[in-house]
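These notes concern the structure reproduced below.
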Amino acid sequence: MRDREKRLKVGILGATGMVGQRFIALLEDHPWYEVVTVAASPRSAGKTYEEAVGGRWKMTTPMPEAVKKLVVMDVNEVEKVSAGVDFVFSAVDMSKEEIRAIEEAYAKTETPVVSNNSAHRWTPDVPMVVPEVNPEHFAVIDSQKKRLGTTRGFIAVKPNCSIQSYAPVLTAWKDFEPYEVVATTYQAISGAGKTFKDWPEMEGNIIPYIGGEEEKSEQEPLRIWGRVEDGVIVKAEEPKITCQCIRVPVLNGHTAAVFVKFRKKPTKEELIGKLTAFKGLPQELKLPSAPAQFIQYLEEDNRPQVSLDVDFEKGMGISVGRLREDTVYDWKFVGLSHNTVRGAAGGAILCAELLTAQGYIK
């Protein structure tokens with residue numbers, strides 16, 4: 001689509017944190033984008049990226065050479081950071097209020113912001129998108145630009161990592177009208193920006209609480225399944241979802257155990273057929289980060305497993321297994337997604353690719 005010289009110039013806000021690092025790892029050799037600016041807190045500003053990160057590089061792949069010598073900018077110097085980029089990815093670590101303010105400030109400099117943060121997920125005219133599920137929500141960007149007084153600056157966000165292992169599955173099954181869902185998520189420690197080195201007390205341990213996560217897991221799917229009305233997103237009423245979120249001693253990969261009631265009674269073959277056939281705009285447009293197969297179904301009783309399946313489609317695909325009839329609900333299944341790839345940086349990059357393909361990011 002574009003040669004090396006015409007690649008869009010990208011800035012990463014919050015570049016030294018775990019999700020910022022994941023952005024940098026995933027954008028190495030990206031055909032459309034080139035990381036030219038890294039920004040972080042004032043204490044990192046002025047150092048090279050390599051110095052600022054120091055021994056805290058958390059990816060399994062080495063730090064890309066291209067970013068090592070980039071001088072980290074102060075993320076609060078909005079005009080200065082935005083001057084050299086076509087758009088930014090946001091993974092800043094601040095309070096919700098600060099994130100809301102700084103992302104709007106970047107948008108108002110006419111810089112599109114594709115955010116991994118939760119701060120704007122419920123701003124009525126900010127689209128929260130899984131590109132295969134609800135790309136039509138990008139239509140609210142025009143209303144948002146009117147509110148912000150911008151011509152090309154806007155904010156778009158991706159949803160929480162916890163919902164990726166079941167919300168796309170339920171979307172694939174929407175013809176059968178799921179109306180009640182119970183989900184328990186078993187969430188990796190990288191979702192908290194941690195490794196086992198940082199968080200030794202997680203080894204051999206489970207913590208039955210992740211702040212704010214259950215509400216996100218219950219409510220965010222409804223916003224994704226909502227509709228655009230008068231320039232805002234109106235969330236769906238159903239299915240009703242109740243959730244428990246548990247931190248488990250796994251580095252990468254969120255697993256969900258899910259029970260579903262349907263108004264229309266599908267067969268197992270119909271359910272599996274819908275999963276494996278499910279695709280969206282990213283697959284049709286063959287976007288660079290799009291998985292060829294979005295959802296795979298695994299027949300073995302002991303799958304999906306984190307160690308075997310988390311990197312399916314380079315971490316951008318979703319794995320489902322153990323689909324069986326239930327004695328209380330209609331059907332139950334287990335889903336698995338990579339929380340920092342599909343669930344965080346990779347999902348945001350796919351959003352940016354679709355926004356670029358549709359002309360929102362130029």
Do the non-hydrogen side-chain atoms of Asn76 and Met94 ever get within less than 4.5 Å of each other?
yes
Got Leu170 and Val181 here, is their nearest side-chain heavy-atom distance under 4.5 Å?
yes
Say whether Val140 and Val114 are linked into one hydrophobic cluster, either directly or through other cluster members, by side-chain heavy-atom distances under 4.5 angstrom.
no
With side chains defined as the heavy atoms from C-beta onward, is the minimum distance between Asn205 and Arg247 less than 4.5 Å?
no
With a 4.5 Å cut-off on side-chain heavy atoms, are His254 and Gln164 touching?
no
Arg7 side chain to Val35 backbone, donor-acceptor under 3.5 Å:
no
Do Thr340 and Arg22 have a side chain donor and acceptor closer than 3.5 Å?
yes
Heavy-atom check, side chain of Leu13 versus side chain of Ile102, under 4.5 Å
no
May I ask whether Leu275 and Val334 are part of the same hydrophobic cluster, defined by side-chain heavy atoms of I, L, V, M, F, W, Y residues being less than 4.5 angstrom apart, directly or through others?
no
Mark yes or no for whether Arg263, through its side chain, and Pro178, through its backbone, hold a donor-acceptor pair below 3.5 Å.
no
Show your working on ring-ring contact (aromatic ring centres under 6.0 Å, His included) between Trp173 and Phe333 and close with a plain yes or no.
CA-CA 13 Å; Trp173 292 341; Phe333 70 92; 5.3 Å; yes
Contact check, side chains of Pro304 and Thr255, non-hydrogen atoms, under 4.5 Å
no
Treating Glu238 as the side-chain partner and Lys240 as the backbone partner, does any N or O pair qualify as donor plus acceptor under 3.5 Å?
no
OG of Ser190 to CG of Asn252: how many Å apart, nearest 0.5 Å?
4.0 Å
With no hydrogens and no angle check, just 3.5 Å: does a side-chain donor-acceptor pair link Gln187 and Thr185?
yes
Using the ring of each side chain (for Trp, its six-membered ring), is Phe87 parallel, tilted or perpendicular to Phe89, with breaks at 30° and 60°?
perpendicular
Are Trp199 and Val250 co-members of a hydrophobic cluster defined by side-chain heavy atoms under 4.5 Å apart?
no
I'd like to know if Glu132 and Lys279 make a salt bridge, using a cut-off of under 4.0 Å between side-chain N and carboxylate O.
no
Only one of Lys146, Lys145, Arg147 passes salt bridge (Lys or Arg N to Asp or Glu O under 4.0 Å) with Asp125; say which it is.
Arg147
Is the closest side-chain heavy-atom distance between Phe176 and Asp330 below 4.5 Å?
no
Crowding at CD, Gln244 (>12 non-hydrogen neighbours, <6.0 Å):
no
Is the backbone of Phe294 close enough, under 3.5 Å, to the side chain of Gln283 for a donor and an acceptor to pair up by distance?
no
Checking Ser118 against Lys96: is there a side-chain donor and acceptor pair closer than 3.5 Å?
yes
With distance as the sole test, does Glu110 use its side chain to make a donor-acceptor pair with the main-chain N or O of Arg152 at under 3.5 Å?
yes
Return yes if some donor-acceptor pair links the side-chain N/O of Tyr33 with the main-chain N/O of Ala352 below 3.5 Å, else return no.
yes
Taking Lys268 for the side chain and Leu323 for the main chain, is one N or O donor matched with an acceptor at less than 3.5 Å?
yes
Please lay out, stage by stage, how Lys9 and Glu34 fare under the test salt bridge (Lys or Arg N to Asp or Glu O under 4.0 Å).
CA-CA 5 Å; Lys9 293 182 168 64; Glu34 181 186 7; 5.7 Å; no
Between Lys264 and Asp175, does any side-chain N to carboxylate O distance fall below 4.0 Å?
no
Hydrophobic cluster membership, Trp225 vs Met128, 4.5 Å side-chain cutoff:
yes
Measure the spacing between OH of Tyr49 and OG1 of Thr16 and express it to the nearest 0.5 Å.
6.5 Å
Check: Gln296 side chain, Val320 main-chain N or O, donor-acceptor pair, under 3.5 Å
no
I'd like to know if the side chain of Tyr106 and the backbone of Val81 have a donor-acceptor N/O pair within less than 3.5 Å.
no
Tell me whether the NZ or CZ atom of Lys261 lies within the 45° cone about the ring axis of Tyr329 and under 6.0 Å from its centre.
yes
So, the side chain of Gln21 versus the backbone of Lys58: is there a donor-acceptor pair under 3.5 Å, distance only?
yes
Out of Glu103, Glu220, Glu215, which residue meets the salt bridge (Lys or Arg N to Asp or Glu O under 4.0 Å) rule with Arg121?
Glu220
Is it true that, when you exclude Asn302 itself, more than 12 heavy atoms of the residues, nucleotides or ligands shown sit nearer than 6.0 Å to its CG?
yes
Less than 3.5 Å apart, any donor N or O on the side chain of Asn160 or Glu213 sitting next to an acceptor on the other?
yes
